[in-house]
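Before any comments, here is the structure.
Labels below follow one simple rule: chain letters A, B, ... track the order of the sequence lines, proteins then strands, and each chain is numbered from 1.
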Number of protein chains: 4
Amino acid sequence: MTIYKLNLNNYIFIKMSLKSDLYTIVFGTDTKAGKQFDIVLLWLILTSVLVVMLESVPEWGLRYAYNFLILEYTLTFLFSVEYILRLLISPKPLKYVFSFWGIIDLLSILPTYLSLIFAGYHYLLVIRIFRLLRVFRILKLARFSKEAIILLQALKASAYKISVFLVSVLAITVFVGAIMYVIEGGEKSFTSIPQSIYWAIVTITTVGYGDMVPQTTLGKILSSFVMILGYAIIAVPTGVITVELSNLNKAKKECPNCVNTSESSANYCSNCGYAWKDTEI
Amino acid sequence: MTIYKLNLNNYIFIKMSLKSDLYTIVFGTDTKAGKQFDIVLLWLILTSVLVVMLESVPEWGLRYAYNFLILEYTLTFLFSVEYILRLLISPKPLKYVFSFWGIIDLLSILPTYLSLIFAGYHYLLVIRIFRLLRVFRILKLARFSKEAIILLQALKASAYKISVFLVSVLAITVFVGAIMYVIEGGEKSFTSIPQSIYWAIVTITTVGYGDMVPQTTLGKILSSFVMILGYAIIAVPTGVITVELSNLNKAKKECPNCVNTSESSANYCSNCGYAWKDTEI
Amino acid sequence: MTIYKLNLNNYIFIKMSLKSDLYTIVFGTDTKAGKQFDIVLLWLILTSVLVVMLESVPEWGLRYAYNFLILEYTLTFLFSVEYILRLLISPKPLKYVFSFWGIIDLLSILPTYLSLIFAGYHYLLVIRIFRLLRVFRILKLARFSKEAIILLQALKASAYKISVFLVSVLAITVFVGAIMYVIEGGEKSFTSIPQSIYWAIVTITTVGYGDMVPQTTLGKILSSFVMILGYAIIAVPTGVITVELSNLNKAKKECPNCVNTSESSANYCSNCGYAWKDTEI
Amino acid sequence: MTIYKLNLNNYIFIKMSLKSDLYTIVFGTDTKAGKQFDIVLLWLILTSVLVVMLESVPEWGLRYAYNFLILEYTLTFLFSVEYILRLLISPKPLKYVFSFWGIIDLLSILPTYLSLIFAGYHYLLVIRIFRLLRVFRILKLARFSKEAIILLQALKASAYKISVFLVSVLAITVFVGAIMYVIEGGEKSFTSIPQSIYWAIVTITTVGYGDMVPQTTLGKILSSFVMILGYAIIAVPTGVITVELSNLNKAKKECPNCVNTSESSANYCSNCGYAWKDTEI
């Protein structure tokens, strides 16, 4: 491939090459530079989350208010640079802006700018914590990502069953909460049905804060049933996910003839009937 | 099939056809109209549950008392229409009346009518929450229902083992509760054996409200044993259900040519290469 | 077999036959009479446990003191009859007396007799709760017992692994408790290392009473680690028992040639090489 | 092999033989003497841990202060002897000193010596608890160790997946904690984001101390979501470890004659009937 040594073309080529390189660094994770960019970004995100956290501690927020402000503006500047960079080098900038990560990136810098204009928007800073989710991008390394994908596949594959389970649990808590309101009604804690449902959730999930506890004998008996139920049915989501993980985990053998994968013990492809020779594996 | 154009016959036929159509809509979930009927009903049920819930919140119950009353009467009227409809189109009305759903349907409208006659029956409204169970009917759609049935089959298949487990847990709590009553007896919390059994259930299920806690050293040692026991034996129901789900999950198809069984999605026997025809299953 | 019609022999024969019949009824569960005997005994045991429980409730214990006493003496009399019966019909009475059930049976009647002689032995009545364990004898019915035995086999097979796990958990709680004592030492709750170990057990088993909670920042950080550890490692006993149950559950095929059992998919016995014919299963 | 009867050589030989024997006793667990040495050591460690524990109980620490001191010095002397012994007989003493167990051994005697020189180092005694970890050395017996190794292998094999899971859980708690701080901010408990994250960890792990509970309606709704999330996702580590244990449990043996793999206990290949010789494994 020959390149015409026209000045303009050359400039465009370099620019394109630069854009392509930057794209690999900013959006990719496979090259060394891309990995380093991600690690720097990861540390910046963790630092910004730490700043938000420590700023909220009363004694520190006041004492180091000035330092936190400087850090905050520096981090916002760096994240703004990142955002503009991503916008410029993205092949489809608009698609990036309205993508999940584009919105998160914007939300992570917006609050600071808004707090310069308005007062009281300070707490929107917590949105930056969304950026923590980007931590997982660094996990997208060879082996790690494989494990993460298997976990997500297992959760996805069992999503229906777990939804059915959770809807059942919620229906039970509404039912139990309403009965408990009738039983304990008038007591100091169980002042309304939503309040009693909150208690039922605290109990069935075995959290058991103890801020609301049944006082009557009948309430304690019902409470005991709910506890034992919660203790026993936790087996359901566990069983579902275990089976899904087990299925995904099973060693498979790819058929050279079609897209199908068979169990490693198969002699014939279960899709097209291709016969493996004994020596092949 | 010819239809005699006699007026009466025609009328009966139309009536029967209407009844059959209505039956498909009201009791079925497969047709579009039946699905829509179920969705409307689902929303009505959720609204009525929400009304009962919000009415119980002290500040709202008083402020919007009139609005809640109007909503309540409207919903009761709609549920009454549904009940009468089901009664009319059911081929065996009596069977419906005494069926599980028939009783639930009646219980969901009865309290409001009773509250018109008597005062103080208001709390029977909570019975309407039974209707929430009808939420599952909408889950009876193609894919969803399959998952729900597998979950129920797993629970049913392991019902014996889980009963044995729960009876054992209850026996342990009675035993531990009685010992704890002797150890902590006279302390402010452990005033009787049933009270101590309640504590044992709270502890072994790892709920841990904290309303009753052992005060003596011996009580704390026994308590620690109960906690560790509860922490370890939760593995039993989990293991039982996982194994059952795993068994149910392995839907197998027997090869008519050899002793081998293949996964139900296979087109060819993985042992001898026998080809299933697509129409066979 | 001819029976000599001598009076004495006949008497002995009848006596022996009666003893044998009684043995089948009292110790067996397979005959109808044996089953009925067990059910009557089960209800007597449950009643006696209930009496002990209700007697401990302050308001009832005083009000119905006389009724409880009558019931108590009646039950003790019946259990005494049962004990003497078992002693008489047992082929090896001494073996029964020193067996597990023999001791339990004696302990369940002894306290009442002792309370007649001495005062203050009343609480020994709780020993009767041991009799609750006999509840499982009725579970020894055809199907039920099979399930119970599989559960026990799974627990037995994984006993080593679960012991290793529990010893590790205890070592962690001792370690964490000691560190927590140093961190929170001097605070109102963490007054000694054993006390701190109790807190560590409450936390790692996710019971979380809340009677002892860390007050310092360092204590809360350590506490968070312990919680997450407890939340994650509960997977270990669960995994162990699931795998054991799964192994026990696997459908096996018995070899007609040797004592070995093979997986149902095997073509040859894995022990002696016996070849199954394709048509056999 | 002949041994020259020179005095010096003989002495060296005896010394080497003694060293080798001692090595087998002190570092090994296979011989009877080695096992006995480990058991004595185990009891010494348990005693020393018990001394540290009981010394911390206020009433006992004062009353038996002298006895505890004597015991402490005796145990430190014995552990010092053990340390010097290990140092002398180890083939590479420096490697031992800087190994994990070497450091633990040193740390277990150092605090007492330091407390002789300085005051206030007393609490460093808790480091002795590290020695409890040596308890596992005694578990390194034939059968036991096999189980322990399988457990550790399962944990190691699923380390990546469980790390991904725990990082996700921590990210969720940071996110939820920050939102909760905004919702409940100003309330008595949720005074800062780190404090709220602590609450989120207490809730998602279903520990539920109850020292911090949401007061607002919005806070209770968010809290309910966190509880249900924590209740449902505990299935993930459980599933991961179960699958790993299940994989490790299937010790397989490949048939040299066909592609089939059999259970390691098989004498004949279950596919082709190939006979393994007994000596082969």
Side-chain angles (χ1 to χ4, degrees), chain B residues 158 160-161 163-165 167-168 170-171 174-175 177-179 181-182 185 191-197 202-215 217 220-221 223-228 230-236 238-244 246-247 257-261 271, chain C residues 49 52-58 60-61 123 126 129-130 132-133 135-136 139 143-144 147-148 150-151 154-155 158 162 165-166 169-170 173 194-195 197-198 201-202 204-211 230 234 236-246 249 264-265 267 276 278-281:
Chain B
S158 40
Y160 276 120
K161 278 180 199 153
S163 301
V164 171
F165 171 74
V167 167
S168 315
L170 276 176
V174 170
F175 186 62
I179 294 173
Y181 171 65
V182 176
T191 51
S192 68
I193 292 182
Q195 192 82 351
S196 300
I197 291 169
V202 169
T203 302
I204 211 169
T205 58
T206 78
V207 170
Y209 280 143
D211 55 341
M212 289 172 73
V213 285
Q215 303 293 330
T217 304
K220 283 177 182 175
I221 291 167
S223 190
S224 300
F225 275 108
V226 176
M227 285 172 213
I228 288 169
Y231 185 66
I233 61 173
I234 198 168
V236 174
T238 306
V240 169
I241 291 204
T242 303
V243 170
E244 287 302 333
S246 176
N247 287 347
N257 202 29
C258 71
V259 294
N260 189 42
T261 54
N271 189 45
Chain C
V49 170
V52 174
M53 273 168 64
L54 296 182
E55 212 178 350
S56 76
V57 181
W60 293 11
Y123 289 132
V126 296
I129 289 150
F130 270 118
L132 249 190
L133 294 172
V135 172
F136 280 88
L139 301 177
R143 249 186 107 192
F144 230 92
E147 312 289 329
I150 286 175
L151 274 185
L155 280 170
S158 41
I162 289 189
F165 170 74
L166 288 182
V169 167
L170 276 176
T173 57
Q195 192 82 352
I197 291 169
Y198 168 70
I201 293 171
V202 169
I204 210 168
T205 57
T206 78
V207 170
Y209 280 142
D211 55 341
I234 199 168
V236 174
T238 306
V240 169
I241 291 204
T242 303
V243 170
E244 287 303 332
L245 276 173
S246 175
N249 197 64
S264 55
S265 60
N267 293 332
W276 274 284
D278 288 0
T279 54
E280 218 169 297
I281 299 169

Between [X] and [Y], which heavy-atom pair has the shortest distance, and what is it?
{"X": "B/Met227", "Y": "C/Tyr209", "answer": "CE-CE1, 3.4 Å"}
{"X": "C/Ser246", "Y": "B/Val243", "answer": "N-CG2, 3.6 Å"}
{"X": "B/Ala232", "Y": "C/Pro237", "answer": "O-CB, 4.2 Å"}

Q: With sequence neighbours left out, write down each residue that passes side-chain contact (heavy atoms from CB on, under 4.5 Å) with C/Leu54, or none if nothing qualifies.
A: C/Leu50, C/Trp60, C/Phe68
(Q) Among residues at least two apart in sequence or on other chains, which ones pass side-chain contact (heavy atoms from CB on, under 4.5 Å) with C/Thr206? (A) B/Thr206, D/Thr206, D/Val207
Q. Pick from B/Gly239, B/Gly177, B/Ser196: which one has the most heavy-atom pairs with chain C under 4.5 Å?
A. B/Gly239
Q: Among the options B/Thr242, B/Val213, B/Thr217, pick out the one with the most heavy-atom pairs lying under 4.5 Å from chain C.
A: B/Val213
**Q.** Any donor-acceptor pair under 3.5 Å from B/Tyr231 side chain to C/Gly230 backbone
**A.** yes
Q | Side-chain heavy-atom pair C/Ile241, B/Thr238 within 4.5 angstrom cut-off | A | no
Q | Verdict with supporting geometry, C/Leu245 and B/Val236, side chain to side chain contact (heavy atoms under 4.5 Å, CB included) | A | CA-CA 9 Å; C/Leu245 276 173; B/Val236 174; 5.7 Å; no
Q) Does any heavy atom of chain B fall under 4.5 Å from the side chain of C/Val240, the backbone, both, or neither of them? A) neither
**Q.** Per-residue contact mode, C/Ile204 against chain B (heavy atom under 4.5 angstrom)
**A.** backbone
Q.
As an exercise: rank C/Val169, C/Ile234, C/Val57 by heavy-atom pairs under 4.5 Å with chain B and give me the winner.
A. C/Ile234
